[in-house]
Amino acid sequence: MIRSVKGTHDILPDQTWRWRKIESSLHGFMQKYGYQEIRTPAFEKTELFSRGIGEETDIVSKEMYSWTDQGGEKLTLKPELTAPVVRSFIQHNLGSQSSTNRLYYMDTLFRRERPQKGRTRQFHQFGVEVFGSEHPEADAEVIAISYNFFKTLGIDNLTLTLNSIGSDDCRNNYRNELRNYLKPFLSDLTETSQNRFQNNPLRILDTKIEHEKEILKNAPEIGNFLTVDDKSHFEEVKSLLNGLSIPFSIQSQMVRGLDYYTRTTYEISSTALGAQDALCGGGRYDKLVETLGGKPTPAVGFAAGIERLLLALELKPTEFNFESIQIYIIGLTEKVRSNCQVIAQDLRNQGFSVSTDLLRRSLKSLLREANRNSVKVAIIIGDDELANDIVQVKDMETGEQTTVSKNKLTEHLTDLDF
RNA sequence: GUGGGAGUAGCUCAGGUGGUUAGAGUGCCUGGUUGUGGCCCAGGAGGUCGUGGGUUCAAGUCCCAUCUCUCACCCCA
């Protein structure tokens with residue numbers, strides 16, 4: 001048997017309606033905020049990600065599905081969406097068409113990680129990116145969108161964690177200070193931390209190793225290195241969130257794994273999930289557009305995992321309802337079967353949802369089938385009915401059956417009002 | 001990449017210390033009604049016991065290897 005690839009999953013008919021529910025909720029929600037949808041290709045040039053996300057990140061260094069195509073081009077299945085959206089923003093010069101661009105997306109991503117609860121190799125995210133504003137109102141709007149969307153879906157136990165990692169200057173200074181502080185402890189650090197010491201010392205702050213945490217207790221804090229502008233930006237974001245009644249907590253050690261963030265970073269998690277409890281992560285990235293070759297453009301955005309959202313939602317499936325077929329047409333003999341198809345087609349044209357049998361089964365098994373599919377009415381046609389231009393309409397809930405002449409059928413079904 | 005747990009019917013799972021034709025519930029099909037579903041009753045189909053090797057008179061059960069799923073670490077959504 002050929003199975004689906006590790007970390008990929010089929011979404012079967014008993015689940016697809018959940019996905020459609022999320023999808024339609026999102027489109028409706030984003031419209032209220034005046035955001036427009038953007039869709040980018042499934043794969044990009046590898047260079048986009050190595051430059052955009054950062055060569056040293058886990059994603060780029062070990063998780064990408066990359067290959068060289070027949071023309072010798074190095075390509076990669078999207079592991080992340082901000083870089084492609086930024087690429088598209090630059091390529092189509094969206095910045096010159098309006099002063100701010102509010103975009104959202106929903107897409108399929110690929111990362112080669114070890115699967116676990118809330119993590120698969122092919123997965124889905126939705127998110128927003130706002131281009132053109134350096135002001136805290138943009139940060140607050142983006143954060144509010146993610147938080148409020150989860151809220152309206154009814155997810156409880158939301159935790160919003162907020163931090164500012166400052167502008168470029170601030171981080172350069174801080175990086176140097178952190179290196180100076182850590183240098184005497186270098187031999188005590190794990191191998192990965194020693195590598196990070198070289199490439200990205202901020203990530204050491206994220207360590208889960210006890211004795212490293214101990215070392216870091218007296219390390220300089222990034223908050224103290226924020227410039228005056230960084231600080232006031234952060235303060236304004238916080239007060240805007242307060243004004244919107246969105247609760248948050250500050251976590252100065254929170255460093256995101258992607259290199260492009262500046263100033264605001266945040267994460268929303270839910271206790272309804274397992275170890276992978278982040279529903280959404282995001283922040284500001286004022287340098288990325290420039291890094292990827294565009295005009296300097298401030299931007300802020302987030303991405304949220306749809307699988308994780310579904311997991312968090314799984315606990316309360318009551319609001320969702322499966323839509324069943326309304327009418328099942330049963331033909332009793334070979335003579336009437338072609339007639340059944342015609343009637344089905346007519347009724348569909350009238351707007352009903354109609355199904356027929358494909359296995360030439362008996363009346364008994366067809367009623368059973370109709371029952372299983374919880375259809376509202378069964379229409380039964382035998383030779384007698386055919387000869388007299390009538391049909392039997394059976395209400396599957398009450399069991400009541402009435403003889404209806406064929407030309408009154410639509411009228412009769414409409415009156416039933418199901 | 002590292003560690004824990006698990007692989008027996010479509011699904012959920014039983015199968016002390018090896019012992020005849022491997023079970024249950026549920027789902028599926030048929031019948032109990034010449035053309036009437038649900039409930040009930042009866043019957044039926046459905047299994048390379050994850051795979052390969054080994055020990056043994058005998059392996060679902062013991063040993064080794066391997067694959068897959070799953071949870072966790074790392075990291076992320």
Side-chain angles (χ1 to χ4, degrees), chain A residues 1-9 12 14 53 56-63 78-82 105-127 146 150 190-193 195-196 200 203 206-209 254-258 265-270 273-283 301-312 328 330-333 336 359 361-386 391-401:
Chain A
M1 180 177 58
I2 300 177
R3 299 180 50 95
S4 58
V5 175
K6 183 201 276 285
T8 67
H9 294 285
L12 300 177
D14 65 341
I53 305 173
E56 305 299 334
T57 58
D58 281 17
I59 292 177
V60 173
S61 63
K62 55 189 188 196
E63 294 173 1
K78 285 191 281 201
E80 192 262 349
L81 282 161
T82 300
Y105 55 73
M106 176 154 28
D107 214 332
T108 307
L109 307 185
F110 306 86
R111 289 182 202 170
R112 198 185 182 290
E113 300 181 86
R114 205 64 182 264
Q116 72 187 76
K117 191 180 177 72
R119 167 187 292 161
T120 51
R121 290 183 171 180
Q122 174 175 346
F123 62 105
H124 301 80
Q125 287 186 348
F126 66 86
S146 53
F150 295 141
T190 56
E191 201 186 319
T192 48
S193 289
N195 285 333
R196 285 173 183 171
N200 194 348
R203 296 256 319 267
D206 247 354
T207 185
K208 305 290 187 294
I209 316 276
M254 188 181 67
V255 181
R256 316 236 79 243
L258 284 64
T265 62
Y266 80 103
E267 195 171 292
I268 296 176
S269 55
S270 164
L273 298 172
Q276 306 304 321
D277 64 350
L279 277 173
C280 132
F302 75 83
I306 299 180
E307 279 82 356
R308 288 183 189 177
L309 179 53
L310 250 14
L311 277 175
Y328 199 65
I330 297 172
L332 298 179
T333 65
V336 299
L359 293 175
R361 284 175 287 185
S362 68
L363 173 60
K364 185 177 188 157
S365 63
L366 290 175
L367 279 171
R368 203 175 281 154
E369 178 83 10
N371 190 56
R372 232 194 323 260
N373 294 325
S374 44
V375 308
K376 302 290 186 289
V377 303
I379 294 177
I380 303 165
I381 307 166
D383 289 345
D384 293 349
E385 285 78 8
L386 185 66
V391 299
Q392 305 293 333
V393 177
K394 185 180 175 79
D395 183 318
M396 291 302 286
E397 241 164 77
T398 62
E400 210 174 304
Q401 184 168 314

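Every chain is numbered from 1, with letters handed out A, B, ... down the list of sequences.
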Rounded to the nearest Å, what distance is computed from the NZ atom of residue A/K78 to the P atom of nucleotide B/A77? 16 Å
Pairs touching residues 115-125 of chain A that satisfy salt bridge (charged side-chain N to carboxylate O under 4.0 Å, His left out), sequence neighbours left out: A/E113-A/R119
Roughly how many Å apart are B/G50 and B/G15, using the P atom of each and rounding to a whole number? 15 Å
Classify the nucleic acid contact of A/E113 as base, sugar-phosphate or nothing, counting any heavy atom under 4.0 Å across all strands shown. base
Drop me the distance from A/S270's OG to A/F150's CZ, to the nearest 0.5 angstrom. 9.0 Å
Excluding sequence neighbours, so at least two apart, what forms side chain to side chain contact (heavy atoms under 4.5 Å, CB included) with A/N371? A/M396
Would A/D383 and A/L332 count as a side chain to side chain contact (heavy atoms under 4.5 Å, CB included) if you check the C-alpha gap in whole Å, the side-chain angles of each, and the deciding distance to 0.1 Å? CA-CA 8 Å; A/D383 289 345; A/L332 298 179; over 6 Å; no
Take atom CG of A/D383 and atom C1' of B/U34, then tell me their distance rounded to the nearest Å. 13 Å
Rounded C1' spacing from B/G60 to B/C13 in Å: 14 Å
How does protein contact run along nucleotides 65-73 of chain B, one letter per nucleotide 5' to 3', with B for base contact, S for sugar-phosphate only, - for none, heavy atoms under 4.0 Å? ---SSSSBB
Per-nucleotide protein contact string for nucleotides 37-51 of chain B (B base, S sugar-phosphate only, - none; heavy atom under 4.0 Å): BB-------------
Is it true that, when you exclude A/E397 itself, more than 12 heavy atoms of the residues, nucleotides or ligands shown sit nearer than 6.0 Å to its CD? no
How many angstroms lie between atom CG of A/L367 and atom CD1 of A/I380, to the nearest 0.5 angstrom? 5.0 Å
What's A/S362 touching, base or sugar-phosphate or nothing? Going by heavy atoms closer than 4.0 Å. nothing
Mind checking the C1' distance from B/A22 to B/U48? Whole angstroms is fine. 14 Å
In whole Å, measure the gap between the P atoms of B/U55 and B/U61 for me. 15 Å
Does A/I306 reach a base, just sugar-phosphate, or nothing at all? Heavy atoms under 4.0 Å. nothing
Taking every heavy atom of A/V336 against every heavy atom of A/G382, the minimum-distance pair comes out as CG1-O, 3.6 Å
On a heavy-atom basis, which atom in A/G118 and which in A/R308 lie closest, and how many Å separate them? O-NE, 2.7 Å
Heavy atoms under 4.0 Å, any strand shown: does A/Q401 hit a base, just sugar-phosphate, or nothing? base
Considering only the C1' atoms, how many Å lie between B/C39 and B/U34, rounded to the nearest integer? 24 Å
Taking the nucleotide of RNA chain B with the nearest heavy atom to each, does A/D384 or A/E63 sit closer to the 5' end? A/D384
Ranking A/G382 and A/K62 by the position along RNA chain B of their nearest nucleotide, the one closer to 5' is A/G382
Can a donor-acceptor pair under 3.5 Å be found between the side-chain atoms of A/E385 and the base atoms of B/G35? yes
Quick check: closest heavy atoms across A/P79 and A/I53, and the distance to 0.1 Å? CG-CD1, 4.3 Å
Whole angstroms only, please: what is the CG-P distance between A/D58 and B/C75? 7 Å
Donor-acceptor pair, distance only, cut-off 3.5 Å: does the side chain of A/Q125 make one with the backbone of A/D107? no
Please report the distance separating the C1' of B/U20 from the corresponding atom of B/C57, rounded so that it comes out in whole Å. 14 Å
Given the C1' atoms of B/U21 and B/U2, what is the spacing between them in whole Å? 46 Å
With both pairing distances under 3.5 angstrom for Watson-Crick or G-U wobble, and | for a partner in another strand, the correct string for RNA chain B is (((((((..((((.....[...)))).(((((.......))))).....(((((..]....))))))))))))....
Side chains of A/E80 and A/T82: donor-acceptor distance under 3.5 Å anywhere? yes
Taking B/C73 as the reference, what is the distance to B/C62 when you measure between their P atoms (whole Å, please)? 31 Å
With A/E369 via side chain to side chain contact (heavy atoms under 4.5 Å, CB included) - residues at least two apart: A/Y328, A/R361, A/R372, A/N373
I need the CD-C1' distance between A/Q125 and B/C75, as an integer number of Å. 14 Å
Assign A/A370 to base, sugar-phosphate, or nothing according to its heavy-atom contacts below 4.0 angstrom with the strands shown. nothing
Measure across A/A275 and A/Q116 and return the closest heavy-atom pair with its distance rounded to 0.1 Å. CB-NE2, 4.1 Å
